[in-house]
Amino acid sequence: TSKAGGSGTVIYSKPNPINNEEYQSFILTCAHVVDDAITTKKDWDSLTKKKVEKEFLEQVGVEIFDYVYMSKVNSSNSYRADIIAYDKYHDIALLKLDSPKQIEHIATLIPREKIPTVKLFMPIWTSGCSLGHDPFANSGYITYLSEIIDNKLYWMQNGASIFGNSGGAVFLAETGEQVGITARVSTLQLGFGYDVITWMGFSIAPQRIYEFLDEQELKFIYDSNDTFKKALARREDKEKSAKLNKQDEPEEKEDKEGP
């Protein structure tokens, strides 16, 4: 966004079923990375016939890096992207590139049924734009699988991560499958400052990624029988249903200043 930056992972890039010459590409990141692009305010709603809280989503900037010889950045391509869905509880957001271009290299989310096979000390790679640097990877291991922070499940890894890595991916070294979204780092207060404990990074567990995709009606990301068009239709139906359920609720009166 214009105020903050982070990392993200292209998780999907497939032809549009309506027009095979156009590709639909999506990026997984953290909700707090795009939080500055989300605003809410009271506005008139024609369906419920009253003022309701509405959200307004700005486009965000995305850079996708192209490598040659598996070692050198050949180019950095800038795109605009729409925020399709976000959840501040899960701290996950899904973005859609505003471009019909195919993204050649995409990540593969670990299948849901394989999640229990991930064990402690499995080697991993964390990848992201640490401190705004071009993306790079750090090696490490899965070190803890049941970290609960704010009543949410995280996995801990010792592949170094720091500010700017948020929204990036954690990959299994053996299979290359994505098993998390880098989201938090550990800090230690020393006097008036803080030290970042880079080897105690926390990633959003893959179980929660699937929960987010299911709750947000975005199953097409992992289910080839689903499509983005079907997902949009389900999301619109759910939104209309939620509005109608609130239609009978009394409207909150705005505070008025005294004379």
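Computed from a predicted model, the values in this text were never measured in an experiment.
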**Asked** Just wondering, are more than 12 heavy atoms of other shown residues or ligands nearer than 6.0 Å to CD in E113?
**Response** yes

**Item:** K238, NZ atom: more than 12 neighbouring heavy atoms under 6.0 Å
**Value:** yes

Do [X] and [Y] have side chains that get closer than 4.5 Å, going by heavy atoms?
| X | Y | result |
| --- | --- | --- |
| P100 | Y23 | no |
| I64 | L97 | yes |
| L94 | I92 | no |
| R235 | L218 | yes |
| H32 | S166 | yes |
| S25 | K101 | no |

**Salt bridge D91-R208, side-chain N to carboxylate O under 4.0 Å** = no

**Request:** Could you give me the CA-CA distance, side-chain angles and deciding distance for E236 and R234, then say whether salt bridge (Lys or Arg N to Asp or Glu O under 4.0 Å) is met?
**Result:** CA-CA 5 Å; E236 288 173 3; R234 292 194 302 269; over 6 Å; no

**Request:** Give me the ring orientation class for H133 and F136: parallel if the planes are under 30° apart, tilted from 30 to 60°, perpendicular past 60°.
**Result:**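 Rings of H133 and F136: perpendicular, as their planes differ by over 60°.
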
**Request:** Run the ring-centre check on Y141 versus F121 and record whether the distance is less than 6.0 Å.
**Result:** no

**Asked** Less than 6.0 Å separating the ring centroids of F228 and Y12?
**Response**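 Ring centres of Y12 and F228 not closer than 6.0 Å.
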
**Request:** Mind running side chain to side chain contact (heavy atoms under 4.5 Å, CB included) on D214 and K219 for me, showing each step along the way?
**Result:** CA-CA 6 Å; D214 290 344; K219 300 179 182 66; 3.7 Å; yes

Looking at [X] and [Y], would you say the former's side chain and the latter's main chain have a donor-acceptor pair under 3.5 Å?
| X | Y | value |
| --- | --- | --- |
| S186 | M200 | yes |
| T29 | A93 | no |
| S7 | C129 | yes |
| N16 | I18 | yes |
| D82 | I84 | no |

**Request:** Check the pair W155, Q207 against side chain to side chain contact (heavy atoms under 4.5 Å, CB included), reporting the backbone distance first and the verdict last.
**Result:** CA-CA 10 Å; W155 286 4; Q207 298 95 317; 3.8 Å; yes

**Asked** So which of I204, I115, L172 actually passes side-chain contact (heavy atoms from CB on, under 4.5 Å) with V179?
**Response** L172

**Message:** Is it the case that the side chains of Y86 and E55 hold a donor-acceptor pair, with the cut-off being a distance below 3.5 Å and no angle test?
**Reply:** yes

**Asked** Got a second to check how far L109's CG is from Y210's OH, nearest 0.5 Å?
**Response**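 If I round to the nearest 0.5 Å, the distance is 4.0 Å.
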
**Approximate separation, where rounding is to 0.5 Å, of Y144 OH and F202 CZ** =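 Y144 OH to F202 CZ: 10.0 Å, rounded to 0.5 Å.
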
**Asked** Among F220, Y222, Y79, whose ring pair (Phe, Tyr, Trp, His ring centres under 6.0 Å) with F26 holds?
**Response**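 By the ring pair (Phe, Tyr, Trp, His ring centres under 6.0 Å) criterion, F26 pairs with just one of F220, Y222, Y79: F220.
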
**Request:** Given side chain to side chain contact (heavy atoms under 4.5 Å, CB included), test L153 with E211 step by step and report yes or no.
**Result:** CA-CA 12 Å; L153 176 65; E211 285 177 18; over 6 Å; no

**Prompt:** Hey, mind stepping through D35 and K88 against side chain to side chain contact (heavy atoms under 4.5 Å, CB included) and telling me if it holds?
**Reply:** CA-CA 9 Å; D35 190 55; K88 292 185 179 182; 3.1 Å; yes

